[in-house]
Amino acid sequence: MTKKYEAKITEIGEEVEIFIEENMLVIFNDTVPESLRSIGVIHERADLLEKVEAGDVLEISGQQYEILFVGSKVNDTLEEIGHCTIAFNGETEASLPGTMCVEKKALPELQVGSAIRIIKR
């Protein structure tokens, strides 16, 4: 397996629950403006080592999800500000270009210190 992205969670915004109820997570690195911190899962800055593609695996807190769709802006925003919206919906398309869709399974238990990884099988 090849690691494409890895960062530790440093903060969990107080409004993240709202997105979890919709089977979504919004991630940002720690350069995110204060106004967006409450909605995000904040992680340390990390380099995107390779482009994310459908078929890769997203791992959060040890829970793995197959990536089914990568919006046209996901790689750019991950590289720039560690950002994307992750939809745990099992879909193979999304209307917003910054959305990554993964298989529909229970969302991970979020904890400060846990890792967010994207790996190529």
Side-chain angles (χ1 to χ4, degrees):
M1 289 201 215
T2 305
K3 180 176 63 178
K4 293 186 172 188
Y5 194 78
E6 181 171 13
K8 279 200 171 77
I9 296 172
T10 58
E11 187 181 331
I12 299 166
E14 61 269 11
E15 295 178 56
V16 167
E17 263 318 303
I18 297 167
F19 288 90
I20 288 174
E21 289 171 11
E22 299 295 324
N23 292 322
M24 298 173 81
L25 290 177
V26 180
I27 64 171
F28 294 100
N29 71 23
D30 53 18
T31 65
V32 66
E34 197 60 43
S35 60
L36 295 174
R37 284 185 178 271
S38 66
I39 66 163
V41 176
I42 313 302
H43 58 82
E44 63 193 8
R45 271 176 263 188
D47 292 326
L48 181 61
L49 304 175
E50 285 185 37
K51 299 282 187 205
V52 180
E53 303 169 316
D56 290 344
V57 175
L58 170 70
E59 182 181 302
I60 301 177
S61 301
Q63 183 84 355
Q64 293 192 340
Y65 304 85
E66 182 181 353
I67 297 172
L68 305 174
F69 173 80
V70 179
S72 61
K73 292 287 183 195
V74 168
N75 284 296
D76 294 339
T77 58
L78 265 178
E79 197 165 19
E80 292 166 17
I81 56 171
H83 167 66
C84 75
T85 299
I86 304 165
F88 297 80
N89 60 9
E91 299 290 327
T92 55
E93 59 182 38
S95 57
L96 297 174
T99 300
M100 172 193 303
C101 297
V102 301
E103 63 185 305
K104 188 174 185 169
K105 292 196 313 196
L107 272 66
E109 291 290 323
L110 298 172
Q111 295 179 334
V112 170
S114 290
I116 297 173
R117 289 187 191 92
I118 298 172
I119 47 182
K120 179 179 183 170
R121 287 192 218 226

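For this chain, numbers begin at 1 and follow the sequence in order. What you see is a predicted model, and the numbers here were worked out from it, not measured in a lab.
Contact detail for Glu53 and Ile67: the closest heavy-atom pair is O-CG2, 4.0 Å. When all heavy atoms are compared, the tightest approach of Ile9 to Gln111 is CB-O, 3.7 Å. Closest non-hydrogen pair, Gly55 versus Glu66, comes out as CA-OE2, 4.2 Å. In plain terms, the two heavy atoms of Asn75 and Val52 that are nearest each other are OD1-N, 2.6 Å. Closest non-hydrogen pair, Glu50 versus Thr2, comes out as OE2-CG2, 3.4 Å. Among all heavy-atom pairs drawn from Pro108 and Ile60, the shortest one is CB-O, 3.5 Å.
To the nearest 0.5 angstrom, Arg117 atom CZ is 10.5 Å from Met1 atom CE. With rounding to the nearest 0.5 angstrom, the CE atom of Met24 is 12.0 Å from the CE atom of Met100. Note that the NZ atom of Lys8 and the CD1 atom of Ile116 stand 11.5 Å from one another [nearest 0.5 Å].
With Tyr65 contributing its side chain and Ala106 its backbone, the two residues share a donor-acceptor pair below 3.5 Å. Side chain of Ser114 to main chain of Leu110: no donor-acceptor pair is present (N/O by atom type, distance under 3.5 Å, no hydrogens or angles).
Looking at Val70 and Asp56, their side chains never come closer than 4.5 Å, going by heavy atoms from C-beta outward. Between Lys51 and Glu79 the shortest side-chain heavy-atom distance falls below 4.5 Å.
Taking hydrophobic clusters as Ile, Leu, Val, Met, Phe, Trp and Tyr residues chained together by side-chain heavy-atom distances below 4.5 Å, Val26 does not share a cluster with Ile118. Two different hydrophobic clusters hold Val74 and Phe19 under the rule that ILVMFWY side chains link at heavy-atom gaps under 4.5 Å. Under the 4.5 Å side-chain heavy-atom criterion for Ile, Leu, Val, Met, Phe, Trp and Tyr, Leu48 and Ile42 are members of distinct hydrophobic clusters. No single ILVMFWY cluster, assembled from side-chain heavy atoms under 4.5 Å apart, contains both Leu78 and Val57.
Every ring-ring contact (aromatic ring centres under 6.0 Å, His included) that Tyr5 has, sequence neighbours left out, goes to His43.
Looking at Asp30, Asn29, Thr31 one by one, the single match for side chain to side chain donor-acceptor pair (under 3.5 Å) with Arg45 turns out to be Asp30.
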Side-chain donor-acceptor contacts of residues 80-92 below 3.5 Å, not counting sequence neighbours, with atom names and distances?
residue : atom : partner : partner atom : Å
His83   : ND1  : Ile27   : O            : 3.0
Asn89   : OD1  : Glu91   : N            : 3.0

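Using a 3.5 Å distance cut-off with no hydrogens or angles, the side chains of Glu15 and Ser38 do pair a donor with an acceptor.
Lys105 NZ: more than 12 foreign heavy atoms inside a 6.0 Å radius.
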